[in-house]
Each structure stands twice: as structure tokens, then as C-alpha cells.
2 protein chains.
Amino acid sequence: MAKIKSTTNGSKKEVIARKAAALFRQKGFNASSMRELAVVLGVEAPSLYNHIGSKVELLQLICFKIADAFAENLKVIEQLDAPIETKLEKFIRFHIHIIQVEFDEVYVANHEWKFLHEPWLTEFLNRRKLYEEKLLQLIKEAAASNVLRNIHPLAASLTILSAVRGLEFWHRNKAGLSAKELEENMVDHLLKGLIK
Amino acid sequence: MAKIKSTTNGSKKEVIARKAAALFRQKGFNASSMRELAVVLGVEAPSLYNHIGSKVELLQLICFKIADAFAENLKVIEQLDAPIETKLEKFIRFHIHIIQVEFDEVYVANHEWKFLHEPWLTEFLNRRKLYEEKLLQLIKEAAASNVLRNIHPLAASLTILSAVRGLEFWHRNKAGLSAKELEENMVDHLLKGLIK
DNA sequence: TAAAAAAACTAATAAATGTTAGTTTTGTAA
DNA sequence: TTACAAAACTAACATTTATTAGTTTTTTTA
């Protein structure tokens, strides 16, 4: 019974990875069994191995899909011919956007990366470190061009990264606030502050 | 061989829970085995059951210790006779402080709560929801007394919660920034913004 | 339609895990 | 020193898990 369909949603491996992301987010990587994943896909567990190499390979696919998306976006922003404030703004907006369209994957990449095997684990951490360093660089540029208040660049980058990273848990509060509203308000808050 | 010591560090159960918090943070709750925990304590795994009821009970201890600390702090802040800005400031400072002194526990409470069993799982989520609602209330008060810029209260509370929650991952960057520096800068950034 | 490839199935395995039972050792109080 | 309680130990278990092997069914290709 050929049940795993590779439609416009991508290859069969990608279909499996997407379902895996949803499962891993809800239950965690370790607590998610291949049997559970198979049920979601309407198939027996060993059948999955016709399409994937291992369970941890699914985690790799998810984590590096997100890592790639982050890296590519940052690259675009860096090459932008725009004021530094605009770059920071776009950085924040990107995070708010991706958390909406790839919630499961972003959540898994942020929470379950530690179950990657080597050499993927090291590679993932290197990429994350690079990402953080590049944001810091962006903020230092802004500080150098005198557009920022007197805030330590490293502290600012940590605050921004923390804020956008914690966004995962906004998902629960969707009801009271549209994505657009959150985006505008958060950009405003992080760039211009809360108090008059 | 009576090896688990209940010194000034608390009861034996508390000593075990503290080591468990460190282990759970590093490897995740599910990936941490009782045998590993036993090694850390210099004991065989079944010996642990002279002191604790189950593995998940350790998770309960950790999660609710933190939930209690959060709730108590918020209560103190609410009862404070101070301007609303001061209350928000103290709220942020508390999070930066507790992440320093109880890093493992806060991390575990934030990441591993989903492995709690009922009725603890529901209780934990209720408490977290209440906490978020109370911060929102605080911000609405501030908005009502006209001290805030024109930011949606729910968005502001999400931004602040996200920022302080994501602080876990500042721990890695300690090198470049003292706790005090981070605290002052983050409060400043979240309350007054980044851009001049 | 016949052959080949893809992908499903069943059965089985080896390893790891939380936990219990039963026993021995250690520390304490009389 | 003797008796009791606390807490360690060894051995074992039932379960769950990812994965492999081998086989049958389905789909594609020629």
C-alpha cells in the first residue's frame, strides 16, 4: 500500500520530515517513537526505512533546513544597501515571520538540536555561533554610526536574540493578537522601547 | 556505603534533585537515565529509590520549585507600593537574577515540563498561564496610567516574556558580559529601546 | 501485459530503561 | 556491644525502542 505521497509538498522524505517535525515538537525527539510517526503517516514503522536512513537523519533535515534559512536571510540582510536600523528591523521581522510559517521546524531546531549526532552536532553549533556573531557585528556597526542609545552591543544582541527566540511561545497566544500586530509592536518595542 | 550526603545543601532528596537538574538540562529528561544520575551521586541506580519515588518526581520537584519562586516574586512585586515602571523593572531584574543562581532548574522547568505526568502537567500549565496573565495585567495598568508608548499590552508582555525566557542562552556568552552589565542593559533596552 | 523497481508488510532482535524484590552493609541509639 | 533503622547492594523483570531481514504487494516502465 503505497501511502506516503510525494505531491507538491515535496519528496517523500520531506513529507516524512514535516510530520516528524510536528511530532518532535509536541513530544520531544526522544519521546517520539518511529511507530508513532508511522501511525501519523498511515504506515508501519519499518516501511519508513525505505525512505530515510535513520530517526536522527530526520532531526538533521529539520535542524539544517532552519539553519540554512536563517543563514540565507542574514546574508541577504548583510548585502542590503540600507541604513543599519532598517537591517536590524528586517532581522527581527524575519524571525517573527519564520516562526509563523515553520513553527514546528523552528521549535525543533531550537529545542532538540542536542540530540544530533556528530559531526552534525558540532556543525550546527558552529552555525549558530556564527549567526550570533554576525548579529553582534551588525549592532556594533550601528553603534559605530551613532544611531544607538548607549547600550552594550553584546547585551543588545542577546536581548534581541532572546526575544525573537522566545517567540515560539507566542504561538499559544495567537488568539489575542494577529501576526501583523505582534510584528509591528515587537519591532517598535525592541527598537524604541516601552516607556515614553 | 552511605554516600548521598544531606549537608547544609538540603535533604537527600534535594541533593538528588539538584544533580538531576544538572543532568536533565544537559541531556534532556528522557535521555537522562537513572543509571547516569546514580553515577553522578556515586551510587547504584536502585539505591536512589530509597530516597525518591520515581524519576518523574524529580522533574516535579524541579519544575515546581521554580514555579513557586516565580509566583512568590510576582506576588511581592504586585504588593509593592511603587510606580508601575519600577514594578516592570523589578520583574525583568528578577528573571535575570534567577537565571544566574538556578540556571539548571530554570532551564529544565522551561524545557522539560512536558514530561510531567498528570495532574502535575495541568497544574504547571495553569500556573504558567496565571503568571503570564498577571504580567499582562501589570502592563495594562501601566498603559492605563499613561506611562507607556503606544504598544499593544499583549505584544509588550510577549516581548518581555520572550526576552527574559530566552535568557537561558545567555549563559553561554557569560565571558563577554557580566551579569550586572547584562541586567542594566537589558532593563534599559526593554524599557527605553535601542534607537536614539 | 510482463518485467523491474519501489515500497509496503510481518517477524524478530539486541539494547536500554525504570523499577521491584530481596539481601547485606552501614550508621545510630540504648 | 547489641539492636534497629537507614541506605546501600545485586539480580532480575517487563517494556519500549530503533532497526534489520526477508517477503509480498503495489506501482512504474518497457
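Chain naming here is simple, since letters A, B, ... match the order of the sequence lines and numbering starts at 1 in each.
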Measure all distances between protein nitrogen or oxygen atoms and nitrogen or oxygen atoms of nucleotides 17-21 of chain C, and list the pairs falling under 3.5 Å.
residue: C:dG18; atom: OP1; partner: B:Ser32; partner atom: O; Å: 3.2
residue: C:dG18; atom: OP1; partner: B:Lys55; partner atom: NZ; Å: 2.7
residue: C:dG18; atom: OP2; partner: B:Met34; partner atom: N; Å: 2.8
residue: C:dG18; atom: N7; partner: B:Arg35; partner atom: NH1; Å: 2.9
residue: C:dG18; atom: O6; partner: B:Arg35; partner atom: NH2; Å: 3.0
residue: C:dT19; atom: OP2; partner: B:Tyr49; partner atom: OH; Å: 2.4
residue: C:dT19; atom: OP2; partner: B:Lys55; partner atom: N; Å: 2.9
residue: C:dT19; atom: O5'; partner: B:Tyr49; partner atom: OH; Å: 3.3

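Considering only side-chain N and O atoms, B:Ser47 lies nowhere under 4.0 angstrom from the phosphate OP1 or OP2 of D:dA7. Residue A:His51 has no polar side-chain atom (N or O) positioned under 4.0 Å from OP1 or OP2 of C:dA6.
For A:Arg127, the side chain to side chain donor-acceptor pair (under 3.5 Å) partners two or more places apart in sequence, or in a different chain, are A:Asp68, A:Glu123. By the side-chain contact (heavy atoms from CB on, under 4.5 Å) test, A:His51 pairs with A:Ile4, A:Lys12, A:Ile16, sequence neighbours left out. Judged as a side-chain contact (heavy atoms from CB on, under 4.5 Å), and not counting sequence neighbours, the contacts of A:His95 are A:Phe70, A:Phe91, A:Tyr131, A:Val164. Partners of A:Ala17 by side-chain contact (heavy atoms from CB on, under 4.5 Å), not counting sequence neighbours, listed by chain and number: A:Leu58, A:Leu61.
When rounded to the nearest whole Å, the span between CG of A:Leu48 and P of D:dT20 equals 13 Å. Put simply, CD on A:Glu44 is 19 Å from P on D:dT23, counting in whole angstrom units.
Ring geometry for A:Phe29 against A:Phe115 counts as parallel: the plane angle stays under 30°, on a 0 to 90° scale with 60° as the upper cut.
With hydrogens and angles ignored, a donor-acceptor pair under 3.5 angstrom links the side chain of B:Asn50 to the base of D:dA8.
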Quick one: side chains of residues 71-79 of chain B, donor-acceptor pairs under 3.5 Å with protein atoms, not counting sequence neighbours, listed by atom name and distance.
none

